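Let me begin by presenting the structure, written as structure tokens, before commenting on it.
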Amino acid sequence: MVSRRGFLTGFAVASVALTAGCASGRSGMPSVRAGGTRPLPIPPLAPSTVDADGVRRFTLEAKAGTTEIRAGQTTPSWGYNGSILGPTLRAARGEQVAFTIHNALPEPTTVHWHGMHVPASCDGGPHQTIAPGGVWQPAWTVDQPAATLWYHPHPHGSTEKHVYRGLSGFFLVDDAESDRLELPKEYGVDDIPLVIQDRRLTVDGALDESDPGDIGLLGNVIITNGIAGAHLDVRTRRVRLRILNGSSGRLYNLAFADNREFQLIATDGGLLAAPVPLRRIQISPGERVELVVEVGGDPVTLRSLPIEQRTGIKNPAAFGFDDSFDILRLQPARTLKTTAPVPTSLATIAALVPPGTPAARSFDLRWHMINNQRMDMNRIDMTIPVDTTEVWTVRNSDDWPHNFHVHDVQFQITAIDGQAPPPELSGWKDTVYTTPGPTYTLAMRFSGHTDPTYPYMYHCHLLLHEDQGMMGQFLVLAPGQQPAPMRMDMPGMEGMDMPGMGTHGGHG
Ligand code: C2O
Ligand code: CU
Ligand code: CU
């Protein structure tokens, strides 16, 4: 019998050390400085126009191009408004935003606003497909606390491939409270977006999409903001890193090489109540953390160490848990601009539910299934009345790593196996790592937007698992509203391999 836990083949998974300088064998390329690293590219802030009625308008185009991921070598890649990744979108709480999104790719895609509270028809999930040559124009009012969100494709069955080829970008939300805080906030100077991803490249420099293991495409080349072997020139005493794990399946256990302390100031959905001093922080695919670290004197390297939360994982090496990587070298200037220490209080986070509130729903994660079912685009898994707060429990009963992401909301982790969560999980989250065994209790509020036709998703954010159908759909309904899900006709997607696309309708 063929095991579903196949071995990874084709590349070494044992401790891959990517030190500055080894990303390319060619040291004479003009764009590479001595030492072999290149400056960290900073995604440009997306231009926008604000029209007379106050709507902030952005334009994005998903397209193919080529990128020098490894110095001196050209890699075919996909990006928004460029050859890889996308511009950083930025809007303030209360602003109306509108997008014109062109798909210049040879296949259908979608653009999902991960972490954003949006109307379901604007969510950019698998139901909002943009055909090749097509245009999609979602619009909504930003209404949530300041946070580091992101956007990425979500075409059902092809999300991993689209993200792997380079489609991802940051979406920063600002608000008055965070504007008032003395935090590093000069974009690209002391406030640095940093998307960490892993890739495999063929000798020719093409992205190697062959042989996904049980965790998906696990790469041995770490790229930051789209390139391998980057350094950041730091000019201020403190620097804020807004870190996104944009990988398909790889987890990172982030630490500085000298084990220095940093302040964790924010997680997926915004600022923590107070900074948490830490020496390491683990992030699974889709999660974000914001750190403030103090620099000065010698360069210091941000690294990823072997994954510690591995109880119950059958073959940790196959999931990359034993690997360690250098990620980014921070090079302080000789004289640094002074910056204020991190404020001791950052945000007010009121508990969504009293302790002990019973769970409305439970989710079992195993193999490529949630509650023993795989995604069906034509099946609504649950309906939720609008303006309700629900408690969900989630348990990974597998011996694989999984995580759990919910669209439209930010949730609070109220308990892990009945215990209060650690401080790093005490803030707003939209994605939580689920180690095998414990029950994660989440509280979330479904407010404002209702739609009887278009569902939101919940899923494992390990992209291969998601593509394989480890996902479900829910409608948020107004009082008295009846579900009226639309059968997916998927214009432009005929003949594509779409796992989980059942032919039976209905909802439950
Ligand atoms: Cu970041 Cu449904 O995804
Ligand atoms: Cu999402
Ligand atoms: Cu999973």
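Remember, it's a predicted structure, so these values are computed and weren't measured experimentally. Every heavy atom of this structure was used, including side-chain atoms; hydrogens, water molecules and symmetry mates were not. Note that ligands are numbered from 1 as they come in the structure, with each ligand's atoms numbered from 1 the same way.
Here the two rings, on F404 and Y440, have centers that are 6.0 Å apart or farther. Between H407 and H459, the distance separating the two ring centers is shorter than 6.0 angstrom. Between W140 and F99, the distance separating the two ring centers is shorter than 6.0 angstrom.
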Output side-chain donor-acceptor pairs under 3.5 Å for residues 165-172, partner residues at least two apart or in another chain, one line each.
unit_1 : atom_1 : unit_2 : atom_2 : d
R165   : NE     : E209   : OE2    : 2.7
R165   : NH2    : E209   : OE1    : 3.0
R165   : NH2    : E209   : OE2    : 3.4

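Applying the ring-ring contact (aromatic ring centres under 6.0 Å, His included) rule to Y456 yields the partners F474; only residues at least two apart in sequence or on another chain are considered.
Counting just the N/O/S atoms of H465, the one with the shortest distance to the Cu ion (ligand 3) is named ND1. Restricting H402 to its N, O or S atoms, the one at the least distance from the Cu ion (ligand 3) is ND1.
Within the protein, the N, O or S atoms sitting under 2.8 Å from the Cu ion (ligand 2) are H112 NE2, H405 NE2.
Screening the protein for N, O or S atoms under 2.8 Å from atom 1 (Cu) of ligand 1 yields 3; no waters enter the count.
The backbone N or O of G246 sits less than 3.5 Å from a side-chain atom of Q197, completing a donor-acceptor pair. The main-chain N or O of H405 is never found under 3.5 Å from a side-chain atom of D430 such that the two would form a donor-acceptor pair.
Rounding to the nearest 0.5 Å places NE2 of H402 at 5.5 Å from NE2 of H465.
Coordination check, C460 versus the Cu ion (ligand 3): passed, since an N/O/S atom of the residue sits under 2.8 Å.
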TODO: Report the C-alpha separation of I192 and Y187 in whole Å, then their side-chain angles, then the decisive distance to 0.1 Å, and conclude whether the side chain to side chain contact (heavy atoms under 4.5 Å, CB included) test is met.
DONE: CA-CA 6 Å; I192 308 292; Y187 182 82; over 6 Å; no
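For CZ of F321, the number of neighbouring non-hydrogen atoms (other residues, nucleotides, ligands) closer than 6.0 Å is greater than 12.
Partner of H154 under the ring pair (Phe, Tyr, Trp, His ring centres under 6.0 Å) criterion, out of H112, H162, H461: H112 alone.
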